[in-house]
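These notes are about the structure you will find just below.
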Protein chains: 2
Amino acid sequence: MHKESFNRYSLLLDCTARRVKQYAQVQFNLGNYGVTVDQWAVLKNLNNTANISQKELAKLCGKDQPTLTRILDLLVKKGFVERTIHKNDRRSFIVQLSEEGRNKVSELEPNVREIRMKAWENLDENDFEDLQRILNTIYKNLELNNND
Amino acid sequence: MHKESFNRYSLLLDCTARRVKQYAQVQFNLGNYGVTVDQWAVLKNLNNTANISQKELAKLCGKDQPTLTRILDLLVKKGFVERTIHKNDRRSFIVQLSEEGRNKVSELEPNVREIRMKAWENLDENDFEDLQRILNTIYKNLELNNND
DNA sequence: TAGCAATAATTAGTGTGACAAATATATAAG
DNA sequence: CTTATATATTTGTCACACTAATTATTGCTA
């Protein structure tokens with residue numbers, strides 16, 4: 001095992017993830033979906049889990065809070081999302097899809113599924129399981145309070 | 001196989017890749033390395049392959065040309081890289097490490113190896129092979145002229 | 001209840017990524 | 001030689017990631 005390999009693996013992971021995202025974005029653009037891939041991820045999570053704070057939503061989406069704030073700004077401007085002030089805690093917002101937002105999700109959902117499938121051709125069940133396991137292991141290896 | 005899974009896999013891939021990069025960047029910052037992870041990748045490639053055009057370097061690094069231009073601007077400003085005009089083609093530059101750049105690479109190289117290893121703990125040879133194969137398959141699935 | 005630490009969200013600043021358009025130079029076709 | 005086309009690089013614009021700092025609010029504590 002050459003230590004140098006780990007550098008290569010890291011870069012391969014980086015490039016592949018970017019490619020997957022970019023491919024999806026290109027398809028989104030071709031179909032004039034009107035949202036970016038990251039914005040879609042937020043809409044999708046909001047559709048599954050309603051009435052949630054930005055902090056919780058950020059965690060669900062795997063994004064940090066400043067990033068989520070800006071994505072929500074854009075989604076609100078587009079009319080897909082509404083912020084309402086939390087009754088008991090005026091520091092936080094409750095975020096939810098608007099009527100338009102819900103329509104957008106149902107409209108795009110099947111198309112997005114098709115797009116997403118493309119990346120996973122020529123792979124089988126075992127590959128999916130291995131990949132999940134490996135990526136989860138990597139993720140845990142880098143957990144914050146894991147300093148040795 | 002639920003079609004919905006592919007969406008999850010895509011997001012897991014995205015999150016994991018970002019985590020790997022972010023972990024490395026935090027370590028770089030703690031050590032005051034004076035470069036970002038992406039800038040390091042460029043320095044490393046330049047160290048391996050000297051006297052190369054920006055276009056070729058971009059390909060090696062897996063970045064597009066505008067992005068590479070901007071990273072090089074920063075590295076030139078920091079004094080690690082020099083651009084010299086190509087003798088036979090004045091459109092292009094030959095890019096190379098400066099003395100300082102070479103020193104930087106030898107200084108950081110062992111530390112970066114250590115940092116990179118962290119992500120790959122608790123995985124074995126088979127996992128590395130599987131991961132490489134799977135990621136390469138995904139990459140190929142999304143190759144540009146592949147409009148099924 | 002006054003003061004203070006913790007928390008939710010935002011803002012600011014820098015770097016990166018993708019794409020399109022602009023610039024400068026090279027090469028090919030006539 | 002001139003025009004057309006191709007290529008290398010740069011610039012501009014928008015979106016996202018991460019950090020640090022700021023604002024508003026909450027809840028604890030003395």
A/Tyr9 and B/Trp120 aromatic centres sub-6.0 Å: yes
When you get a sec, tell me which of C/dA8, D/dA8, D/dT19 is the closest nucleotide to the side chain of B/Val26? D/dT19
Specify the separation, in whole Å, of atom NE2 of A/His86 and atom P of D/dT26. 11 Å
Please report the distance, rounded to the nearest Å, between CD in A/Gln65 and P in D/dC16. 17 Å
For A/Asp64 and A/Arg91, find the nucleotide of DNA chain D closest to each by heavy atoms; which residue's nucleotide sits nearer the 5' end? A/Asp64
In whole angstroms, the gap separating C1' of D/dT9 from CZ of B/Phe93 amounts to 7 Å
Sugar-phosphate, base or nothing in reach of B/Leu68, heavy atoms under 4.0 Å: nothing
If you check the A/Arg70 side chain, which of C/dA26, C/dG13, D/dT9 turns out closest? C/dG13
Rounding to a whole Å, what distance do you find between A/Leu30:CG and C/dA18:C1'? 14 Å
Under-4.0 Å side-chain N/O to phosphate OP1/OP2 contact, B/Lys21 with C/dG17: yes
Within the structure, does a side-chain N or O atom of B/Lys63 lie under 4.0 Å from either OP1 or OP2 of C/dT16? no
A/Gln22 side chain N/O closer than 4.0 Å to the phosphate oxygens (OP1, OP2) of C/dC19? yes
Between A/Thr67 and B/Ile94, whichever has its closest DNA chain D nucleotide further toward 5' is B/Ile94
Please report, rounded to the nearest Å, how far the C1' atom of C/dT25 is from the NZ atom of B/Lys87. 19 Å
With respect to the phosphate group of C/dA8, does any side-chain polar atom (N or O) of A/Ser53 fall under 4.0 Å of OP1 or OP2? no
Name the nucleic acid region contacted by A/Asp89, choosing base, sugar-phosphate or nothing; use a 4.0 angstrom heavy-atom cut-off, strictly under. sugar-phosphate
Donor + acceptor pair across side chains of B/Asn136, B/Gln132 (<3.5 Å): no
Just by distance, with hydrogens left out, do A/Gln96 and A/Arg83 show a side-chain donor and acceptor under 3.5 Å apart? no
Does the B/Ser98 side chain pair with the main chain of B/Gly79, one donor and one acceptor, at a distance under 3.5 Å? yes
Is A/Arg19 close enough and on-axis enough to B/Tyr139, meaning under 6.0 Å and within 45°, for cation-pi? yes
When all nucleic acid strands are considered with a 4.0 Å heavy-atom cut-off, which category describes B/Gln39: base, sugar-phosphate, or nothing? sugar-phosphate
Distance check: side-chain N/O of A/Arg18 vs OP1/OP2 of C/dT16, anything under 4.0 Å? no
Does D/dT9 have OP1 or OP2 sitting under 4.0 Å from an N or O in the side chain of B/Thr69? no
Nearest-nucleotide comparison on DNA chain C, the residue closer to the 5′ end among A/Pro66 and A/Ser92: A/Ser92
Grab the CD1-P distance between A/Ile85 and C/dA9 for me, whole Å please. 11 Å
Quick one: A/Asp38 CG to C/dG17 P, roughly how many Å, whole number? 14 Å
Answer with yes or no whether the side chains of A/Ser53 and A/Glu56 bring together a donor and an acceptor at under 3.5 Å. yes
When you measure from the side-chain N and O atoms of B/Gln54 to the phosphate of D/dT10, is any distance below 4.0 Å, counting only OP1 and OP2? yes
Check whether any side-chain nitrogen or oxygen of A/Arg83 sits under 4.0 Å from OP1 or OP2 of C/dT10, and answer yes or no. yes
Please work out if A/Thr36 contacts a base, only the sugar-phosphate, or nothing of the nucleic acid, heavy-atom cut-off 4.0 Å. sugar-phosphate
What is the separation between atom CD on A/Gln25 and atom C1' on D/dC14, rounded to the nearest whole Å? 11 Å
